[in-house]
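Keep in mind the model is a prediction, meaning the values are calculated, not measured. Values reported hereafter were calculated over all heavy atoms of this structure, with side chains retained and with hydrogens, waters and symmetry mates removed. Numbering starts at 1 and runs along the sequence shown. Atoms within each ligand, like the ligands themselves, are counted from 1 in listed order.
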Amino acid sequence: MRRIPPRGRSKAEILRDLEQFRAHDVDWRSGRTWAYVYDPGPEAEEVIKEAYMMYLSENGLDPTAFPSALQLERELVAMAASHLRGDENVVGNFTSGGTESILLAVKTARDWARAERPHIREPEIVLPVTAHAAFQKAAHYFCLKPVLVPVDPRTFKADPERMAAAVTPNTVLIVGSAVSYAHGVVDPIVELGKIAQERGVLLHVDACMGGFLLPYFRRLGAPVPDFEFHVPGVTSISMDFHKYAFAAKGASVILYRNAELRQYQIFTCATWTGYTMINPTVQSTKSAGPMAAAWAVLNFFGDEGYLELARKVLEATRYIAQEIERIPGLRLLGQPEMNLIAFTSDEVNVFQIVDEMKARGWYVQPQLGFGGSKENIHLSINPANVRWADALLADLRASVEAARQGSAEDLGALREWLAGVDWEHLTPEALRNLLSMAGVGSGLPQRMAAISTLLNQLPPAAAEKLLTAYFNDLYRPAGDPSRG
Ligand SMILES: *Cc1c(COP(=O)(O)O)cnc(C)c1O
């Protein structure tokens, strides 16, 4: 196992190593990666980095010691709340990301129900199948029961009738997305708000992805449905700065209709021997860097700057979506309401298309099939991607044809073998066997089509087991370099 080096090393050596570590990462700076990085361009990047570094060591733990952190947070929350049409009662907190915002919204709903609906013993959250997996993670962490509800099979939007039917006396929270990650569509929040009010439950709008840009798209004339705080029944909204506000990673916000509801989010502890513990969010000691960077980028672009960025990606998205529909063998899943596109094929294996695109220097994201949404390919269209639209489309056409010609991934033997797998007791040997049959050695796979095809065909519980075992193996302590 690797040890702490016996003597300190030079800055030059250290930075060279760090540079080498990322040689095999996706090359996001090229503009050929259509996921993961929300690239604001080099000028904004410089401002973000300087602001981040300036506040790197300031601690957001204690606002009495660092009033600057409190100031940044209050300004960010205010800008987010007014952007999402909140009135002066709306409150919120800065968090490390969409997942933390969602964890907090769910924990708050649970603790609200403990106080306001004390008869509920087994609280439930009603989720369209398109709601982000972070809600199921929150339910898992905080012991609520997730109730998954099918969506409209054509639009992939939540179906209000089915959502209403899923509400029981144990329901504490229902969820809608603006937009959903997978298909980039806005759920009918106005209808969900009516259900929430009629049934006396909370409604969280997950606007992690869409909250920031959708209001700009609306101003540009796009038909964006209402999803913000002016919709009656909406009680909380999450919005990520580190997606389409283009902030540095580690930046999101959770907003509540009023402070009365937000009180259930805050954890305080006066029963230990250390400093007085008051944590509004999950993290305790935290760098103020992400907050400073988010504040800096909002001030750098300003409202007009974001409107221009929105115009650019909206036009590119419409163009790419229209051209994809013209490629023989491809079709869109839903009609994108943001700069996210999901498309599939009924003729070729989409996972082979992903590998063919990778061989041509593009990263596009595969999504497995679930709940009426067929396996598909996902594109996030960033400002940095826009100039590559035609090149992407040309290679996409070529990749579909290559995938059509190529041999189908041979899963025959694998399928037979799978039938005999004991998923409850998956041994390390069985796992290695399984992965090598899918063409994955130890470490990270190069071609993903076989493994994706396999995962797509497994029952979800089996796929979860397999992925857990794989990651349990992947995150091993680094070896000792002197032993080779
Ligand atoms: C990205 C995303 C999340 C989760 O956010 P993280 O910042 O990755 O934790 C939640 N909901 C939606 C709709 C998202 O797109």
Nearest non-hydrogen contact with atom 15 (O) of ligand 1 belongs to which option: Lys243, Lys249, His132? Lys243

Taking atom 5 (O) of ligand 1 as the reference point, the nearest protein heavy atom with its distance: Gly98 CA, 3.2 Å

The closest protein heavy-atom partner of atom 9 (O) of ligand 1 is Thr99 OG1, 2.5 Å

Flag for Gln367-Tyr181: side-chain donor and acceptor within less than 3.5 Å: no

So does Ala449 get a backbone contact from the side chain of Asp355, meaning a donor-acceptor N/O pair under 3.5 Å? yes

Can you give each donor-acceptor pair under 3.5 Å made by side-chain atoms of residues 220-228, sequence neighbours left out, with the distance rounded to 0.1 Å?
residue, atom, partner, partner atom, Å
Asp226, OD2, His230, NE2, 3.4
Glu228, OE1, Arg218, NH2, 3.1
Glu228, OE2, Arg218, NH1, 2.8
Glu228, OE2, Arg218, NH2, 3.4

Short list, please: which atoms of ligand 1 are under 4.0 Å from a heavy atom of Asp240? 5 (O), 7 (O)

Indicate whether any N or O donor in one side chain lies under 3.5 Å from an N or O acceptor in the other, for His204 and Ser238. yes

Any luck finding a side-chain donor-acceptor pair between Glu122 and Asn170 under 3.5 Å? no

In this structure, does ligand 1 have an atom that sits under 4.0 Å from one of the heavy atoms of His242? yes

Whether the side chain of His132 engages the backbone of Ala134 through a donor-acceptor N/O pair (distance < 3.5 Å, no angle test) should be reported. yes

So if I count the atoms of ligand 1 from 1 in the order they appear, which ones are less than 4.0 Å from some heavy atom of Val179? 13 (C)

Between Asp206 and ligand 1, is there a nitrogen or oxygen pair with a distance under 3.5 Å? yes

